[in-house]
Amino acid sequence: MRRSLPVVGDLPAFQSDRLRFITSTHRDQGDVARFRLGPFPVWQLAHPDLVRSVLVTDAAGFRKGMVLQRARVVLGDGLLTAEGDVHRHHRDLVQPAFHSRRITGYASVMIERAADTAGAWVPREPLDVHASTVRMTVETAASTLLGTSVDVSTVEEALADFLSAYKLAFLPFSEKLQALPVGPLRRLQRGRQRLHGLVDSVVAERAASGHDGGDLLSALVLGSDGDGAALSSQELRDEATTLLLAGHETTANTLAYALHLLAAHPSVQGSVQDEVDAVVTGDRPVAADADRLPLCRAVVSEALRMYPPSWMMGRQALVEYSVGSQVIQPGDLVLLPQWIVHHDPRWWPQPYSFDPSRWLSDGAGSADRPRWAFFPFGAGLRRCIGEGFAWTEAVLGLATIARRWRLRPVPGRPLRLEPLITLRPRGGLWLIPEPR
Ligand code: HEM
């Protein structure tokens, strides 16, 4: 058992290897574990019933955790970080853009971006697939949701600056320290300025032109919020920044991890190619194919299970909350770790093995698996609004790439994970594309 230190508590052990820390905490203390990150008492709840309770049935007793509270410096009152009535109001405004009919409409852009991405790969040259999928998903989110193109490098660099501030989230008083011109804080400020500069110019252009491109941003800029008043420029900036950031990197990671898993399992890759070849008639899929590719979907599910981009969700208790004989006090932090629950052998036999058949009706089956043993998109009122978008983009992206390329691992470049706000591949995710 680790010893918690005075003042900093378990923060150094947590920061030095977060996945190992939460895994060993679960091993040592079980489904209800307690530790301290700096000044904050933290509870790690790692059982599907507790996930349901905190996110669904008892969700009113919690607000977002420390990381997303502090992300407000960049995301303001955007959907991911807003609370209460502001959140409800914004969710109502944004929801129509994520209707399944609209997503089918975005599918052609998703396929085109995936085909362009795969079309730029050089045969047999090692490639950072993650950098490629990030570029692809930024372009897709900008085009479908904001109705424009954006400078991808600006978004990527701003995101890297933003994520680098993750380590500060559990420091005491870090909100007040945010103005200091040091290290990661300077990077955070730089990223925020870049991103806001980019988003402000897109919003201003749309407002000035009055052009309705049928995208979400047009609806938010030109529409009204129900009382006849347009959203303020601050609200528009928050929402557009949130959708641009939340709407790309998680899907990019999922697709990159799915490709990594296929490269490491050539026989499954062969079966995926057979499925794609049987369904896709031209050189790339069409929107309707998203529902005809069960194995591609199962591979994406396994990628989301094994490498959940949201590897841990945070909440802060607003009221007393009892778990068995333990009482969580108002102000305590609660962590719900997808990383632990998705690798728990009670719900997932051989949890570290890649086995897409878990997701196929003729496979190992899911009948006796609890509903919330898998929650890559969260749950309840704060569940990911982009879930349908992400599934369509990942499945069609995978099929587009599999139609054209066979991937192999790069010797000496294993996957290394970096758990920040999202679970990213550290130093990129390198594969070798072979033409089929
Ligand atoms: C594989 C891809 C994705 C994963 C794993 C993912 C995961 C999540 C999770 C776990 C949450 C809940 C956070 C919480 O409750 O604290 C969330 C919320 C959110 N996601 Fe996603 N997401 C993905 C793709 C997307 C996409 C494509 C978009 C937009 C186009 C998006 C936009 C959002 C927004 C706006 C929220 C906040 C929703 C609310 O609170 O009402 N996400 N996402």
Side-chain angles (χ1 to χ4, degrees), residues 51 54-56 59 62-69 71-72 75-95 97-99 102-103 106-107 109-110 133-134 136-146 215-217 220 238-258 297 300-316 333-339 341-342 372 374-398 421-424:
V51 170
V54 172
L55 296 181
V56 186
F62 296 89
R63 62 182 297 204
K64 292 276 175 139
M66 215 36 79
V67 173
L68 288 181
Q69 283 179 35
R72 291 172 69 93
L75 303 177
D77 261 337
L79 260 186
L80 192 59
T81 38
E83 299 279 359
D85 289 345
V86 177
H87 170 259
R88 257 188 300 279
H89 174 53
H90 282 219
R91 182 120 184 167
D92 287 349
L93 284 177
V94 171
Q95 192 79 61
F98 290 94
H99 191 280
R102 297 291 292 272
I103 290 171
Y106 304 148
V109 177
M110 295 169 178
T133 56
V134 165
M136 170 187 141
T137 55
V138 171
E139 288 171 352
T140 303
S143 166
T144 53
L145 301 174
L146 307 185
D215 54 90
L216 174 60
L217 184 66
L220 295 178
D238 293 347
E239 221 46 87
T241 308
T242 296
L243 289 167
L244 197 55
L245 288 193
H248 85 272
E249 208 242 350
T250 41
T251 315
N253 298 358
T254 304
L255 182 52
Y257 291 135
R297 193 165 279 265
V300 172
S301 301
E302 263 305 74
L304 284 165
R305 182 187 71 78
M306 294 179 74
Y307 304 114
S310 163
W311 58 283
M312 176 166 92
M313 291 174 61
R315 291 292 188 264
Q316 185 169 31
L333 295 182
V334 170
L335 301 180
L336 304 164
Q338 279 101 335
W339 179 262
V341 180
H342 288 191
W372 298 110
F374 183 64
F375 61 113
F377 295 97
L381 284 177
R382 306 305 303 253
R383 190 183 175 109
C384 178
I385 202 169
E387 178 172 352
F389 188 111
W391 276 111
T392 304
E393 190 173 22
V395 169
L396 290 174
L398 188 67
I421 297 183
T422 57
L423 184 66
R424 322 184 89 199

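Just so you know, ligand 1 is whichever comes first in the structure, and atom 1 is the first atom listed for that ligand.
Considering all non-hydrogen atoms of both residues, Gly388 and Thr392 come closest at O-OG1, 2.9 Å. Between Ala141 and Gly247, the shortest heavy-atom distance links the atoms CB-O, 3.9 Å. Heavy-atom minimum distance, Val56 versus Ala379: CG2-CB, 3.9 Å. Taking every heavy atom of both residues into account, Val138 and His248 meet most closely at CG2-CD2, 3.3 Å.
Taking every non-hydrogen atom of Arg91 and a distance limit under 4.0 Å, the qualifying atoms of ligand 1 come out as 38 (C), 39 (C), 41 (O). Near Thr254, meaning under 4.0 Å from one of its heavy atoms, ligand 1 places the atoms 1 (C). Close contacts between ligand 1 and Leu68 involve ligand atoms 16 (O) [criterion: under 4.0 Å to a heavy atom]. Listed by number with element, the atoms of ligand 1 under 4.0 angstrom from any heavy atom of Ile385 are 34 (C), 35 (C). Within ligand 1, the atoms closer than 4.0 Å to a non-hydrogen atom of Phe98 are 29 (C), 30 (C), numbered from 1 in the order shown. Ligand-side atoms of ligand 1 in range of Arg315: 14 (C), 15 (O), 16 (O), range being under 4.0 angstrom from any heavy atom. Numbered from 1 in the order shown, with element, the atoms of ligand 1 that lie under 4.0 Å from a heavy atom of Pro376 read 5 (C), 7 (C), 10 (C). Contact atoms of ligand 1 toward Leu145: 30 (C) (distance under 4.0 Å to a heavy atom of the residue).
In terms of protein heavy-atom proximity, atom 14 (C) of ligand 1 is nearest to Lys64 NZ, 3.1 Å. Looking only at protein heavy atoms, the nearest one to atom 20 (N) of ligand 1 is Cys384 SG, 3.2 Å. Looking at atom 31 (C) of ligand 1, its nearest protein heavy atom turns out to be Ala246 O, 3.5 Å. When hydrogens are left out, the protein atom nearest atom 28 (C) of ligand 1 is Gly247 CA, 3.4 Å; that is the closest non-hydrogen contact. Protein heavy atom nearest atom 23 (C) of ligand 1, with residue, atom name and distance: Thr250 OG1, 3.2 Å. Nearest protein heavy-atom contact of atom 36 (C) of ligand 1 is Leu80 CD1, 3.7 Å.
Where the criterion is an N or O separation shorter than 3.5 Å, residue side chain and backbone included, Phe377 fails it with respect to ligand 1.
Under 4.0 angstrom from ligand 1, the non-hydrogen atoms of Arg382 come from both its backbone and its side chain.
Separating the NZ atom in Lys64 from the CG atom in Leu333 is a distance of 14.0 Å, to the nearest 0.5 Å.
Side-chain atoms of Asp238 and His90, non-hydrogen and from C-beta on, never get closer than 4.5 Å to each other. Here the side chains of Arg305 and Phe374 are in contact, with some heavy-atom distance below 4.5 Å. Looking at heavy atoms from C-beta onward, Asp77 lies in side-chain contact with Arg72 at the 4.5 angstrom threshold.
For His342 and Tyr307, the ring centers sit 6.0 Å or farther from each other.
Ligand 1 lies less than 4.0 angstrom from a heavy atom belonging to His87.
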